[in-house]
A.B. asks: 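Let me give you the structure first, and then I'll get to my questions.
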Amino acid sequence: MSFDEIYARYVDSVYSFLKFKLNDEYLVEEILQETFLAVYRNLNKLSTVQSPKSWILTIARHKLVDHLRSIKHEEVTLDHSMLVQEFSTDLVLNEVLNQLDSTAAAIVYGLYVEQLTCQELAEILEIPVGTVKSKAYTARAKLRNWLKGAGQ
Amino acid sequence: MNQGYCKEEYYSDLALGYIQGRLSILEKQTVFRLATEDPDFRELLRLELELAKELAKLKESTPRPVAVNSYYKVKSSTADALSCGFTDVVLTSILNIIVPQSAREMILIRKGVCVYER
């Protein structure tokens, strides 16, 4: 796969993931560029990865963490409540997601928005698959309860 | 269903698999059967579908100017690096032939300072 194909196929996934994590358009664009620059420089590794999407999102997550470290954020584990954007589409959903810890929110995002598997999410977030599964199970139950309540 | 794998977990996994489009034909048949026979599963599936619809709103497309700008920045920075690398190789080869060792080092230090200042 050429760089142009990769860029065309995954730029939206990276952008959307970064927007989910940050409420700073300028920073999102900067990290987007750094992510694809790293992808370009490591294109030879692509043939060895199982899922290009999770490989690229892992790079994006690392770049995001690096940036947060460099701007002296003390909490480099990506505190969701601190970083998450204010969703213009649905503030209630935002509130519910804020109640989840950052890892759980990222898992929910990955499962429903990017259609990633638990295995892929484990690779991206660098945590065991079992942790992804249990966090996903709890977070999804919480979200379903919220929906149930909203529907009443 | 494995031991220690409760009904709720099984239903939850099945519903997610259905939403993500990862189920086999047999599993899909199970989903349809459960959806008609079991009110608990039907409710769970309904909520999962609604949840998927809500969360799909989080997906954002890259604004075209951002996508284009980022693409060209990546391309140009890698092109710069490549041309720098090429220039370095050519210049070093020429320097090695025509300039004495001490002068060569001075030139390379000077070049490093220029690059740093740039």
Side-chain angles (χ1 to χ4, degrees), chain A residues 3-4 7-8 10-20 25-26 28-41 43 84-85 87-90 92-94 96-97 105 108-118 133-134 136-138 140-141 143-148 150-151, chain B residues 2 4-24 27 39-85:
Chain A
F3 175 76
D4 288 7
Y7 190 84
Y10 299 112
V11 68
D12 282 350
S13 291
V14 175
Y15 178 83
S16 186
F17 169 71
L18 293 171
K19 281 284 282 179
F20 177 66
E25 187 68 45
Y26 175 77
V28 166
E29 190 173 341
E30 202 174 315
I31 301 172
L32 183 80
Q33 282 165 22
E34 286 183 15
T35 301
F36 279 101
L37 190 58
V39 168
Y40 191 96
R41 286 177 176 153
L43 268 183
V84 74
Q85 62 168 317
F87 304 116
S88 54
T89 48
D90 196 338
V92 186
L93 179 63
N94 182 30
V96 180
L97 285 170
V108 166
Y109 177 87
L111 289 174
Y112 291 90
V113 182
E114 289 300 333
Q115 312 284 307
L116 295 165
T117 62
C118 289
K133 285 184 177 170
S134 64
Y137 182 72
T138 314
R140 288 170 58 213
L143 290 170
R144 284 198 301 269
N145 278 337
W146 160 69
L147 269 181
K148 222 187 273 185
Chain B
N2 297 332
Y5 187 50
C6 71
K7 184 179 138 185
E8 285 77 17
E9 278 178 273
Y10 174 61
Y11 278 9
S12 177
D13 284 354
L14 210 53
L16 183 63
Y18 178 74
I19 283 164
Q20 289 193 325
R22 292 183 191 278
L23 298 185
S24 65
E27 287 169 323
D40 287 347
F41 183 76
R42 193 165 48 242
E43 175 63 0
L44 186 138
L45 189 62
R46 185 188 70 77
L47 289 169
E48 282 288 333
L49 287 167
E50 207 173 316
L51 192 56
K53 204 175 88 184
E54 285 294 319
L55 289 164
K57 291 175 189 168
L58 298 177
K59 180 79 176 185
E60 290 202 38
S61 298
T62 321
R64 185 148 170 79
V66 174
V68 171
N69 188 32
S70 295
Y71 176 82
Y72 283 110
K73 276 197 176 163
V74 171
K75 281 289 194 173
S76 64
S77 65
T78 47
D80 277 357
L82 283 175
S83 66
C84 278

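Every chain is numbered from 1 and lettered A, B, ... according to where its sequence line falls, protein lines coming before strand lines.
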A.B. asks: Between Leu37(A) and chain B, with a heavy-atom cut-off of 4.5 Å, which part of the residue counts as in contact: side chain, backbone, both or neither?
C.D. replies: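 Answer is both: backbone and side chain atoms of Leu37(A) are under 4.5 Å from chain B.
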A.B. asks: Against chain A, label Arg46(B) side chain, backbone, both or neither, depending on which of its atoms sit under 4.5 Å from a heavy atom there.
C.D. replies: neither
A.B. asks: If you measure from CD1 on Ile19(B) to OH on Tyr112(A), what distance do you get to the nearest 0.5 Å?
C.D. replies: 5.5 Å
A.B. asks: Please classify the contact between Glu114(A) and chain B as side chain, backbone, both or neither, with a heavy-atom cut-off of under 4.5 Å.
C.D. replies: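 Only the side chain of Glu114(A) comes within 4.5 Å of chain B.
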A.B. asks: Which of the residues Val28(A), Asp4(A), Val39(A) is involved in the greatest number of heavy-atom pairs with chain B at under 4.5 angstrom?
C.D. replies: Asp4(A)
A.B. asks: Within the structure provided, determine whether Leu97(A) and Leu58(B) are in side-chain contact (heavy-atom separation under 4.5 Å).
C.D. replies: yes
A.B. asks: Under a plain distance cut-off of 3.5 Å, with no hydrogens placed, do Asp13(B) and Tyr137(A) share a side-chain donor-acceptor pair?
C.D. replies: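 No - no donor-acceptor pair under 3.5 Å links their side chains.
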A.B. asks: Which bit of Tyr7(A) is near chain B, if near means a heavy-atom gap under 4.5 Å: side chain, backbone, both or neither?
C.D. replies: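 Side chain only.
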A.B. asks: Is the shortest distance from a Lys or Arg side-chain nitrogen in Glu50(B) or Arg144(A) to a carboxylate oxygen in the other one below 4.0 Å?
C.D. replies: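 Salt bridge between Glu50(B) and Arg144(A), a charged N being under 4.0 Å from a carboxylate O: no.
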A.B. asks: Check whether more than 12 heavy atoms from other residues, nucleotides or ligands sit under 6.0 Å from atom CZ of Phe41(B), and answer yes or no.
C.D. replies: yes
A.B. asks: For residues Gln33(A) and Val74(B), report the shortest heavy-atom separation together with the two atoms involved.
C.D. replies: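 Result for this residue pair: O-CG2, 3.6 Å.
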A.B. asks: Heavy-atom cut-off 4.5 Å, strictly under: side chain, backbone, both or neither for Lys73(B) against chain A?
C.D. replies: side chain
A.B. asks: Is any side-chain heavy atom of Thr117(A) less than 4.5 Å from a side-chain heavy atom of Arg22(B)?
C.D. replies: yes
A.B. asks: From Lys148(A) NZ over to Leu44(B) CG, what is the distance, rounded to the nearest 0.5 angstrom?
C.D. replies: 8.5 Å
A.B. asks: Tell me the closest heavy-atom pair linking Leu32(A) and Val66(B), and the distance in Å.
C.D. replies: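 Scanning both residues completely, I find the closest heavy atoms to be CD2-CG1, 4.0 Å.
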A.B. asks: Do any N or O atoms from the side chain of Asp12(A) and from the backbone of Thr62(B) form a donor-acceptor pair under 3.5 angstrom?
C.D. replies: yes
A.B. asks: Against chain B, work out which of Glu30(A), Gln115(A), Arg140(A) has the most heavy-atom pairs shorter than 4.5 Å and name it.
C.D. replies: Arg140(A)
A.B. asks: Please flag which part of Glu34(A) lies under 4.5 Å from any non-hydrogen atom of chain B: side chain, backbone, both or neither.
C.D. replies: neither
A.B. asks: For Leu116(A), is it the side chain, the backbone, both or neither that has a heavy atom under 4.5 Å from a heavy atom of chain B?
C.D. replies: backbone
A.B. asks: Output yes when Lys133(A) and Glu9(B) qualify as a salt bridge under the 4.0 Å nitrogen-oxygen rule, no when they do not.
C.D. replies: no
A.B. asks: Distance from Phe3(A) atom CZ to Tyr71(B) atom OH, nearest 0.5 Å?
C.D. replies: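 So the gap between those two atoms works out to 7.0 Å.
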A.B. asks: With a 4.5 angstrom heavy-atom cut-off, which part of Glu8(B) approaches chain A: side chain, backbone, both or neither?
C.D. replies: both
A.B. asks: Is the backbone of Tyr15(A) close enough, under 3.5 Å, to the side chain of Glu60(B) for a donor and an acceptor to pair up by distance?
C.D. replies: no
